[in-house]
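No hydrogens, no waters, no symmetry mates; every other heavy atom, side chains included, goes into these values. Just so we're on the same page: letters track the sequence lines, and every chain starts at 1.
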There are 2 protein chains.
Amino acid sequence: MLPIEEAAIILKLMGDKTRLTMLKLLEGDSCCVCEFVELFGMSQPAISQHLRKLKDVGLVKEDKRQQWVFYYLNEKHELYPLIKCVLSTLPSQHEKLLQLTKDGKRIECCSIKGENSQDDKGTNVRD
Amino acid sequence: MLPIEEAAIILKLMGDKTRLTMLKLLEGDSCCVCEFVELFGMSQPAISQHLRKLKDVGLVKEDKRQQWVFYYLNEKHELYPLIKCVLSTLPSQHEKLLQLTKDGKRIECCSIKGENSQDDKGTNVRD
DNA sequence: TTAGTATATAATCATTCGCTTATATAATCA
DNA sequence: TGATTATATAAGCGAATGATTATATACTAA
């Protein structure tokens, strides 16, 4: 496919306020599905379907930890320079995550990079 | 509207290969409707409708000269930095214009910046 | 004035999109 | 084990999208 056509596909996917906000959030940290459900106030299937689209074109990758699925930006994507430059023009969405933490809704999952803290499961919090 | 929502609208509009190519072409030069019709091999109404959408959000502006309407990038657009950074990651489409010139299909219109050469109308060529 | 060229708009239509509800799968917890 | 929690998928539906054809408008040329 022509590079400009590939770029158009990526831009169309980013041209949705929910997905664009998701990507901006993922610029700073990984998030799991239930955090997005909480943040956007949308149904869980709606969130899953947005993430599926982002995953299908390789914009995000997933990391299954315990009962959660964490999504993160795929910095190896062929068009990552395009993605990065778009995200860099957007205002930070980090305060949304801070609020989630304050509300005790942030998921803490300790198996990051293979580690596992057996005595820290459940509704734990990060940030 | 939130900045991220405005950005999503712009990105959605850029997320179409025809419009994205139009914008990349306009990065270097202004073009008129019939040139786009020739370049994309699409119907004239289809081209007009794409340009209308770009104009409605202020991404392009128009400049009527004689019987033609030339479109050009609106560098004053609030989100021009976003637009510019996206376009900068795309491959040049200039050879399309060169080919158009070779085919004698490029429109030469001399009323640029108020000038008017009365003895140079019709199917003239630029480039 | 009339014919031709350039452009815009309206109506239509098939496709895509984004959501919903219902349901399936997998992991955890009691 | 059975209940709960997290996630994914399928079906359905209304709205948006991108093209087409038909038509209207405006400028140019003879």
key: B:R52 side-chain N/O to C:dA8 phosphate OP1/OP2 under 4.0 Å   = no

task = Locate the shortest heavy-atom distance separating A:V33 from A:Y71; write the atom from each residue and the value.
result = CG2-CE1, 3.6 Å

message = Are B:F36 and B:T18 packed together at the side-chain level, in the sense that at least one heavy-atom pair is separated by less than 4.5 angstrom?
response = no

message = Nearest to the B:S43 side chain among C:dT7, D:dT20, D:dA6, which nucleotide is it?
response = D:dT20

key: Any B:R65 side-chain N or O less than 4.0 Å from OP1/OP2 of C:dA6   = no

task = Report the nucleotide, chosen from D:dA19, C:dT7, C:dG18, that has the shortest atom-to-atom distance to any side-chain atom of B:A46.
result = D:dA19

message = Side chain of A:P45, heavy atoms from C-beta onward: which of D:dG18, C:dA22, C:dA27 has the nearest atom to it?
response = C:dA22

ask   = Of the nucleotides D:dT28, C:dT7, D:dA19, which has the atom closest to the B:V69 side chain?
value = C:dT7

message = On the nucleotide D:dA8, are OP1 or OP2 found under 4.0 Å from the side-chain N or O atoms that A:Y71 carries?
response = yes

query = What's the shortest heavy-atom distance between B:K12 and A:G15, and which atoms?
reply = CE-O, 3.2 Å

ask   = Counting side-chain heavy atoms from C-beta on, which of C:dC19, C:dT28, C:dT7 comes nearest to A:H50?
value = C:dC19

Residue B:Q49, side-chain atoms from C-beta onward, closest of D:dA8, C:dC19, D:dT20 = D:dT20

